[in-house]
Q: 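Here it is, the structure, as C-alpha cells.
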Protein chains: 2
Amino acid sequence: MTGIKFLAQQLNVSIGTVSRALNGKPDVSEDTRQRVIAAAAAMGYAPNQAGRSLRRGNTNAVGFMIELGSDTGRNNDNFFLGVFDGVQATLARHHLDLIVLPCPTDEDPTQYVQRMIARRLVDAMIISATHRKDTRIDVLRDARIPFITLGRSATPGTHPWIDLDFDGVARRAVDRLVAAGHRRIAVAVPSNDINLGFIFLDGYRNALAANGLSFEPELVFRVPSSEQGGYQLGHDLCAMANRPSAVVLNYELLALGLYRRLDESGLTPGIDLAVIGFREGPVSRFLSPTLTCFRLSLRDLGIALGEALLASIPAYADVYPQGIVRRIWPMELVPGESDRA
Amino acid sequence: MTGIKFLAQQLNVSIGTVSRALNGKPDVSEDTRQRVIAAAAAMGYAPNQAGRSLRRGNTNAVGFMIELGSDTGRNNDNFFLGVFDGVQATLARHHLDLIVLPCPTDEDPTQYVQRMIARRLVDAMIISATHRKDTRIDVLRDARIPFITLGRSATPGTHPWIDLDFDGVARRAVDRLVAAGHRRIAVAVPSNDINLGFIFLDGYRNALAANGLSFEPELVFRVPSSEQGGYQLGHDLCAMANRPSAVVLNYELLALGLYRRLDESGLTPGIDLAVIGFREGPVSRFLSPTLTCFRLSLRDLGIALGEALLASIPAYADVYPQGIVRRIWPMELVPGESDRA
DNA sequence: CTGAAAGCGCTTACAG
DNA sequence: CTGAAAGCGCTTACAG
C-alpha cells in the first residue's frame, strides 16, 4: 500500500481519479483536482517512474552520454557542465529530465550505448565526442531511438547533429596570422581519431592554400588534448631548427602547457611565438598573455541541442518544426595578447 | 509482442524460463540456458528496466547529483569526472549503473532531490558540495533512501560521508609557510555557505594559534571559487597597504586569476607573494611558477565513495562490512615553485 | 464526473 | 526442469 493507492485511499477516490487529476486530464471536477493536488503535495507524492514508464512506454528522460576514459572526456574543463545547463533548459519546458550517462573507462562505448537503450532507460540520447567512424551511431540508428550527436562523423545516418565550427576557426586563425605577417604557421590537432581533428586540419590546409602558402607536414603536431599535450607541443616546437612563428591550437587548455614550456625556454607567447587558442574559457582570460581565442555560449549550444533533438521526435515535431537539424555552431573571435607577435 | 515475450516465442519456451535463464537462476537446464543466452545476445535483448524495476522494487542505478548553477559546480568538472570513474568501478562489480543527475540552475536543489527520489529513478544517491545547513540531507533521511555525502555538513544525520581533508590542508599550508618565515598569511575561502569553507577557515585559525600567530580578520578573503575569484583576490591583495607575504587558497583555480592579477602589478608568485594552492590538477603543474598544492586520487576517492555507499545498504552490507563510514580523505603535499618566497 | 478493469514487461513463488 | 499466473504502480479506454 504505497504510492497512488495510498493517496487514493486517503482521499476516498479511485486511483484512476488521482491519476487523472494529477496529470491534468480534463474530465475531473475542479474540486476533486484541488483536493488531490493538495494531498499529493502534502505527502510528497510523485508517480513511480517505473510504473509510469511501463504503462506509457516512455521514460520522460533524455540521456547525455559522456566518456570518462578518453582525453576528450577527461579534459573538457567546463565544457559539458555548461552544455548540460542549456539542454536542461529546453527539456524542462516539456517536463523532461536530463540524465547524464557516463560510460565507464573499461566499457566499450558502443556496448554501453546498446545496453542503455535496450534497458529503455531514456527515450532519446545525445552523444558527444564523435569519432570519424562512430559505431554508436549505427547502434542508435538500428534501435530507432531518437538521438543527436554533438559533433559530425563520417558514419552515415539521417540523424541530426550540431558541431562547433572547427573549420571556420582554423581558417580565421590562419587568415589572422597571415594578415599579421606570419608565413610559417603550425597547427596542433588531437592524437586520436576524434572527428573534429580531421575537420580542423582540413580548415587549416584550405586556409593555407587560400593564402598562397604551402602545406608542410612537419608543422602538424598531433598531441593529446590536455595541458600535458600542450607542454609536449611546446617541447617539440622548441626543438625545431626552423621554428614556426605561430601556432593554432585546436583545444584551449593546450595553451597552458605550451605557455609553461615556452617559459622554461625563456620564450614568451605573443612575442616569440604567436598563439591562437580554441575556445574561450576562464583559463584563456587569465593567462598571461591572455589567449586569442573564439567565443561561444555553451548554454545556447545546449538549448539548441535540446531543441534539435526534440525536433527529431515525432511527438514534439510540431513544437519544433525545424526538421532534421544539421548545424555548424558559429564562434566569435576574441582577440587577446597571445598573437601580437 | 516485444522484449521477453518475443524472445520466449522464438525459443518455444515460457517467459518465466527465459527470465530464469538470463538471471542465472539455478533451476534451468544447462541446455535451455545456453539457447536462451545465445538468442538474447543475437537479438540484443536486455530486460526493459521499467518492467524489472516495477517487479523488483529497485532500479539497479545509483544517482550522483551535481549542481550546475553554483560556483562550485560549474568549475569542477575535472573533479567530478575523475570521481565518477571511481564510483563506477565500485558499482560495476555489482552490476549497478551510475547515473549523473544534474540539478537545473533554476530548480531548488532540495526540491530536485525530492522529485528524483519520489520518482524512484535510483536506489541510492550521492550528493556533493554539501552546505553548512543542507536540507537535501533532511529529505534523503526522511525518504529512507540510502545516500552518502561528499562533504560534511552541520545538518545532523546518521548517514555516511567522505570529505577532503580541508582542515589538514589548511594547517599544513600554514605550518609550511610559518616554517619558511612567513608571519602575515592570508587565506581565501568561498563566498557562499558551502561547508568546506568553514572547515578550511577553522584549520587556518587553529594553525595560526598553534604557531603563536594572531588571527586577523582582514587577512580572510571571501571570493567566488573561480578564476575570476582569484583575480579579485589578487586585486584586493595588491590594494593593501600592509600586504601579507603569503596566501593559502582553498580552490586550485583561484591561482590562475591570482597569478594574472599579480603579473599585471609586476609581482611574481613565489617571489613577491608565496602561494599555496589546494588540489593538484593539470593546471597547477603547468602554471609558471608551478603551484605548491595537495594531491589526491580522484578515482580512489570515487571507489571509496561507492564502497561506503554500498556499505550503508543492507543488501550489500555483508560485502562491505565497514558500517557507517565517516572519513576524512587525506591529501599529500606536492611542493611547487609558488611558495619559495 | 468517477470507478472498475485491463495491461505495460518483467520476476518469482507455486504447481506439476 | 518448466509453465501458468500473480502482481509490482501506473495510465487510460470503457462503462455508467
Q: Among D/dG3, C/dT12, C/dT2, which nucleotide has an atom closest to any side-chain atom of B/R56?
A: C/dT12

Q: Identify the nucleotide, in any strand shown, that forms a Watson-Crick or G-U wobble pair with D/dT2, with both distances under 3.5 Å; if there is none, say none.
A: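 Pairing partner, where one exists within any strand: C/dA15.
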
Q: Please pick, from C/dG3, D/dT11, D/dC1, the nucleotide with the shortest atom-to-atom distance to any side-chain atom of A/V13.
A: C/dG3

Q: Heavy atoms under 4.0 Å, any strand shown: does A/R120 hit a base, just sugar-phosphate, or nothing?
A: nothing

Q: Ignoring backbone atoms, test whether B/S14 places a side-chain nitrogen or oxygen under 4.0 Å from the OP1 or OP2 oxygen of D/dT2.
A: no

Q: What is the separation between atom CD on A/Q9 and atom P on C/dG3, rounded to the nearest whole Å?
A: 13 Å

Q: Taking the side chain of A/K5 as its heavy atoms from C-beta onward, which of C/dC10, D/dT2, D/dC8 lies nearest to it?
A: D/dC8

Q: Parallel, tilted or perpendicular for B/F147 and B/H159, by the 30°/60° rule?
A: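 Judged by the thresholds at 30° and 60°, the geometry between B/F147 and B/H159 is parallel.
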
Q: Of the nucleotides C/dT2, D/dC10, C/dG9, which one has an atom closest to the side chain of A/N48?
A: D/dC10

Q: Can you check whether A/Y45 has a side-chain N or O nearer than 4.0 Å to OP1 or OP2 of D/dG9?
A: no

Q: When you measure from the side chain of A/R20, which nucleotide among D/dT12, D/dT2, D/dC10 comes out closest?
A: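 Looking only at heavy atoms from C-beta outward on A/R20, the closest nucleotide is D/dT12.
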
Q: Does A/S53 make a side-chain N or O approach to OP1 or OP2 of C/dC8 shorter than 4.0 Å?
A: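 For C/dC8, neither OP1 nor OP2 has a side-chain N or O of A/S53 closer than 4.0 Å.
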
Q: Less than 4.0 angstrom between a side-chain N/O of A/N23 and OP1 or OP2 of D/dT11, yes or no?
A: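 For A/N23, the contact criterion (side-chain N or O under 4.0 Å from OP1 or OP2 of D/dT11) is met.
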
Q: Reckon A/S19 touches a base, only the sugar-phosphate, or nothing at all at heavy-atom distances under 4.0 Å?
A: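 Base, at least one base atom sits under 4.0 Å.
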
Q: Would you mind classifying the nucleic acid contact of A/D27 as base, sugar-phosphate or nothing, using non-hydrogen atoms under 4.0 angstrom?
A: base

Q: Answer with base, sugar-phosphate or nothing: what part of the nucleic acid does B/T32 contact at a heavy-atom distance below 4.0 Å?
A: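 Sugar-phosphate, backbone atoms only, no base.
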
Q: Is the shortest side-chain N/O distance from B/K25 to OP1 or OP2 of C/dT12 below 4.0 Å?
A: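 Answer is yes, contact under 4.0 Å.
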
Q: Using a cut-off of less than 4.0 Å, is there contact between a side-chain N or O of A/R55 and OP1 or OP2 of C/dG7?
A: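 For C/dG7, OP1/OP2 do not have a side-chain N/O of A/R55 under 4.0 Å.
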
Q: Base, sugar-phosphate, or nothing: which does A/G16 touch, judged by heavy atoms less than 4.0 Å apart?
A: base

